[in-house]
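Take a look at the structure below.
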Amino acid sequence: MLTATKKKVHNYSAGPCILPQEVFEQAAQAVLDFEGSGLSILEISHRSKPFEAVMAKAQGLVKELLGAPDHYQVVFLGGGASLGFHMVPLNYMKVGGKSAYANTGEWATRAIKESKLIGDTVVVASSEDRNFNYIPKGFEIPADADYFHFTSNNTIFGTQFKQFPNTGSGAGAVPLICDMSSDIFSRPVNVADFALIYGGAQKNMGPAGATVYLFDPERLGHTGRKLSPMLDLKNHGAKESMYNTPPVYAVYVSMLTLEWIKKMGGVAAMETRNAAKAKLLYDAIDRLSPVFKGTTAVEDRSVMNATFVLGDAAQEPAFDALWKEANISGIRGHRSVGGYRASMYNALPIESVQVLVDVMEHFAKKNG
Ligand SMILES: *Cc1c(COP(=O)(O)O)cnc(C)c1O
């Protein structure tokens with residue numbers, strides 16, 4: 001017997017994270033009987049007609065929702081965004097060339113490490129001097145870099161690029177590459193500005209197990225480097241994400257989430273919905289100062305991951321007891337930074353944010 005959970009948990013997990021309830025229901029149904037076929041989604045061939053349709057639909061929705069140019073390609077691979085950190089220099093840095101990076105946090109740091117394994121890597125901007133609590137601005141990107149890489153949303157420290165770096169336009173532009181793992185589909189972007197956008201599905205698109213790559217195939221294959229076909233983005237694009245067995249179920253559930261985003265009004269509607277949630281929470285953090293304190297520069301605050309601390313850290317056990325009692329889950333900060341982090345991805349309803357704000361108000365009244 002299938003039973004949905006009866007206990008309403010307000011899930012602030014940073015990833016894997018909350019997905020729409022109707023997606024969970026459709027995904028559960030497909031495990032038992034995929035589209036009335038008498039087969040489970042888990043037991044069909046990735047080369048069967050029904051799965052080919054799922055893949056084509058998922059790829060199409062990625063492009064449609066983000067307004068990507070027609071010739072851009074979408075592939076879903078395993079390995080997480082972390083494998084993407086390695087794929088990027090392999091596929092975009094020329095042999096003997098160089099890459100440029102902005103270092104805005106833990107994930108950017110890891111991406112830079114991978115690039116250094118492949119070749120000359122310059123860090124053109126960094127916010128490490130203040131523990132990544134702001135987004136560097138006004139930096140120069142060398143015109144001779146093979147690409148510039150940045151992380152649009154800093155999931156751990158809670159900062160977000162509100163404006164994307166400009167790497168020039170036309171033939172002389174430095175290819176722009178973005179790890180968009182934790183804010184893809186949360187707001188409109190101009191895909192044509194990017195050579196590659198990639199991200200792990202498990203933050204805002206689906207379950208763990210698939211990584212999406214959206215890219216301009218014309219920008220690939222110019223490095224002079226021989227690649228294993230499994231690490232060659234051009235190959236995966238040419239094979240329409242079927243070079244080897246793709247992460248079938250993760251692609252299916254991502255497709256369901258993308259359908260939900262479309263039904264809700266697309267990424268522009270997500271942006272409005274996410275802005276309302278973020279305002280509700282950040283206003284509370286500011287209003288309830290000094291009991292609560294935000295940890296990042298106000299203008300760079302992430303709409304997805306709000307980080308904050310208690311003015312008096314000794315009060316953490318009392319605060320923890322309160323939010324747990326309210327069925328809130330997943331707001332402890334990343335193990336590397338402590339404090340609190342409320343992740344408010346697309347599927348989190350504003351009602352859940354109100355529950356957290358009510359708990360904070362209550363706590364501030366008792367401890368203020
Ligand atoms: C979570 C995260 C990653 C790592 O993703 P994996 O899929 O675990 O490899 C990379 N970048 C950002 C911005 C993230 O939030």
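Counting starts at 1 for both ligands and their atoms, in listed order. Computed from a predicted structure; not experimentally measured. Numbers here are sequence positions counted from 1.
- When only modelled atom types and interatomic distance are considered, Tyr345 and Asn274 share no side-chain donor-acceptor pair under 3.5 Å.
- No side-chain N or O of Asp300 forms a donor-acceptor pair with one of Gln160 less than 3.5 Å apart.
- Each of Met87, Met93, His86 was compared with Leu90 under the side-chain contact (heavy atoms from CB on, under 4.5 Å) criterion, and only His86 meets it.
- Geometric assessment of Arg47 against the ring of Phe51 yields a negative cation-pi assignment under the 6.0 Å and 45° thresholds.
- If you check the side chains of Asn91 and Tyr147, you find no donor sitting under 3.5 Å from an acceptor.
- Contact residues for ligand 1 (protein heavy atom closer than 4.0 angstrom to any ligand atom): Gly80, Ala81, Ser82, Phe85, Trp107, Thr151, Asn153, Thr155, Asp179, Ser181, Ser182, Gln202, Lys203.
- Members clustered with Met230: Tyr243, by chain and number, using a 4.5 Å side-chain heavy-atom cutoff among hydrophobic residues.
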